[in-house]
Amino acid sequence: MTKRLIVIAGSTGVGKTDMSIKVANHLNAHILCGDSRQIYKEMTIGTAVPTKDDMATVPHHLFQFVSAKDRYNVGRYERDALLVLDDLFKRYDNALVVGGSGLYLDALCKGIDPLPEADHAMREEMLLLWHSLGGREILLKELQERDSELWDTIDKDNPIRVCRALEVCRLTGEPFSKIRRGKIIKRPFEIVKIGLRREREELYDRINTRVDLMFSEGLLEEAHSLLPLREYNALQTVGYRELFDYFDGNITLETAKELIKRNTRHYAKRQTTWFGGDKEISWFHPNDYDGVIDYIEKL
RNA sequence: GGUGCCAUAGCUCAGUUGGUAGAGCAAAGGACUGAAAAUCCUUGUGUCCCUAGUUCGAUUCUUGGUGGCACCA
């Protein structure tokens, strides 16, 4: 029998966890994390990882398994997720991946080109240059010389894009666009994409309520304990950055809370945009368990 | 009760020496290949509080209201 990976995607706060538990139970499947922040050990409340009860009901993989200090990335995620799936498919016919990180999910479903990992020293130096007077022009000029094909399409206002592309050119000695082919890798299993969505207003209400709940669960304390890790990418995350600003005395707690709500809404919107562009997704309301299970069974 | 100041986009405000107006935030749309909960791009018509006047023309000046704020009684 062919093995199947069921992807459950959707924006933050839409209700993916509940759906995934039900579907996993029904299919006798395990759940993988498809979220770029729930993988970190140190973060629990602010990333809304599934509860202990949830995890006890269905086996979960790739949740909170690396340290925020480990500088994890998409490439490692692709590899780790495939390893877990390889193992699971020896015993089960179905597996679920649940999350809201479009890039991570795409890497798992379609593969990602073998680009070199980041060179953090080089990156830091480039970003410093970017923000200095005339630095942007210097970097753009170098990129234009190294990769004329990319030049036409790259977002020249986006320092992270430009510096990353340049980084790859320097590290490999080849144009970035030559290595990043976007070739789709056929996986040795079937992929079924389920998208969850609800009315915008309803989603925003849920987000606001969830942020309040996070505070009552101790988000403030969690963020405070993570102050020593604030420079790591893992902590460049909604719910933590705003509180770091509060600890610095730049904003009030009330403002931080409002900003977390707002930034979570912004994040949810970006996710909506990403997933909306994926034509392979079949959409359901988060409460429509029967609909989802029906759909999967009739495939 | 008196005097002064204010009333412009969902919010905070700028501005028009009289020719019907624009920033920030919010909101909406979009991009996305090892930082992706990141990073970046696009989008601003609104009885310019109401009324009467002056004027070719008033959101702008004048009269009278209404509401808010401050000070004096």
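The chains referred to below are lettered A, B, ... by the order of the sequence lines, with proteins before strands, and numbering in each begins at 1. Model, not experiment: these values are computed from the prediction.
Nearest heavy-atom pair, Gly111(A) versus Glu78(A), reported as atom, atom and distance to 0.1 Å: CA-OE2, 3.3 Å.
Using a 4.0 Å heavy-atom criterion, one finds that Glu117(A) contacts the bases of the nucleic acid, with or without backbone contacts as well. Residue-level contact check: Gly46(A) touches the bases, meaning some heavy atom is under 4.0 Å from a base atom. Residue Arg71(A) is classed as having no contact, given no heavy-atom separation below 4.0 Å to the nucleic acid. Across all strands shown, Tyr232(A) has no heavy atoms under 4.0 Å from either base or sugar-phosphate atoms. Across all strands shown, Thr47(A) has heavy atoms under 4.0 Å from base atoms, whether or not it also approaches the sugar-phosphate.
Every residue was checked against the salt bridge (charged side-chain N to carboxylate O under 4.0 Å, His left out) condition with Glu231(A), not counting sequence neighbours, and none meets it. Listed by chain and number, the residues in a salt bridge (charged side-chain N to carboxylate O under 4.0 Å, His left out) with Asp119(A) amount to none (sequence neighbours excluded). In this structure, Asp205(A) has no side chain to side chain contact (heavy atoms under 4.5 Å, CB included) partners at least two apart in sequence or on a different chain. Partners of Asp290(A) according to the side chain to side chain donor-acceptor pair (under 3.5 Å) rule, which considers only residues two or more places apart in sequence or in another chain, do not exist here. Residues passing the side chain to side chain donor-acceptor pair (under 3.5 Å) test with Tyr289(A): none are found, sequence neighbours excluded.
Taking atom C1' in both A23(B) and A9(B), one finds a spacing of 11 Å when rounded to whole Å. The separation of U43(B) from C56(B), taken at their P atoms, amounts to 40 Å, rounded to a whole angstrom. Only the C1' atoms considered, U51(B) is 24 Å distant from U45(B), to the nearest whole Å. Rounded to whole Å, the P atom of G46(B) lies 32 Å from the corresponding atom of C5(B). Atom name P, nucleotides C71(B) and G57(B): the rounded distance is 43 Å, in whole Å. Distance noted for atom P between U59(B) and G67(B): 23 Å (whole Å). For the C1' atom pair drawn from A52(B) and U16(B), the interatomic distance equals 23 Å after rounding to whole Å.
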Please table the atom pairs, donor to acceptor, closer than 3.5 Å between any side-chain atom in residues 219-227 of chain A and protein atoms at least two apart or in another chain.
from: Glu222(A); atom 1: OE1; to: Thr44(A); atom 2: N; distance (Å): 3.4
from: Glu222(A); atom 1: OE1; to: Ile45(A); atom 2: N; distance (Å): 2.9
from: Glu222(A); atom 1: OE2; to: Thr44(A); atom 2: N; distance (Å): 3.1
from: Glu222(A); atom 1: OE2; to: Ile45(A); atom 2: N; distance (Å): 3.1
from: Glu222(A); atom 1: OE2; to: Gly46(A); atom 2: N; distance (Å): 3.2
from: Glu222(A); atom 1: OE2; to: Tyr240(A); atom 2: OH; distance (Å): 2.5
from: Ser225(A); atom 1: OG; to: Glu222(A); atom 2: O; distance (Å): 2.7

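Note on ring orientation: taking the six-membered ring where Trp is involved, the planes of Tyr40(A) and Tyr72(A) are perpendicular (angle over 60°, cut-offs 30° and 60°).
Regarding contacts with the backbone of C25(B), every side-chain N or O of Arg265(A) stays at 4.0 angstrom or more from both OP1 and OP2. Considering only side-chain N and O atoms, Tyr104(A) lies under 4.0 angstrom from the phosphate OP1 or OP2 of A36(B). Taking 4.0 angstrom as the limit, Arg76(A) places none of its side-chain polar atoms (N or O) nearer than this to OP1 or OP2 of A35(B). Listed pair Arg270(A) / G30(B) fails the phosphate criterion, with no side-chain N or O lying under 4.0 Å from OP1 or OP2. Between His266(A) and A28(B), a side-chain N or O to OP1/OP2 separation shorter than 4.0 Å is absent. OP1 or OP2 of G30(B) has at least one side-chain nitrogen or oxygen of Thr273(A) nearer than 4.0 Å. Contact check, Lys269(A) against G29(B): a side-chain N or O comes under 4.0 Å of OP1 or OP2.
In the hydrophobic clustering, Leu83(A) connects to no other residue, as no ILVMFWY side-chain heavy atoms lie under 4.5 Å from its own. Grouping Ile, Leu, Val, Met, Phe, Trp and Tyr residues whose side-chain heavy atoms lie under 4.5 Å apart, directly or via other members, places Ile179(A) in a hydrophobic cluster with Leu115(A), Met122(A), Met126(A), Leu129(A), Trp130(A), Ile138(A), Leu139(A), Leu140(A), Leu143(A), Leu150(A), Trp151(A), Ile154(A), Val162(A), Leu166(A), Val168(A), Leu171(A), Phe176(A).
Secondary structure note: stems in RNA chain B built from 3 or more consecutive Watson-Crick or G-U wobble pairs under 3.5 Å occupy B:1-7 with B:66-72, B:10-13 with B:22-25, B:27-31 with B:39-43.
At a cut-off of 3.5 angstrom, counting only N and O atoms as typed in the model, there is a donor on one side and an acceptor on the other between the side-chain of Arg123(A) and the base of A35(B).
For the segment residues 204-215 of chain A, residues with any heavy atom less than 4.0 angstrom from an atom of RNA chain B are, sorted by number, Tyr204(A). Taking every heavy atom of residues 129-167 of chain A and every atom of RNA chain B, pairs under 4.0 Å involve Asp155(A), Asp157(A), Asn158(A), Pro159(A), Ile160(A), Arg161(A), Arg164(A), by number.
Under 3.5 Å, the side chains of Asn263(A) and Arg241(A) contain no donor-acceptor pair of N or O atoms.
The stretch residues 46-63 of chain A participates, sequence neighbours left out, in these side-chain hydrogen bond (donor to acceptor under 3.5 Å, both in side chains) pairs: His30(A)-His61(A), Thr51(A)-Asp54(A).
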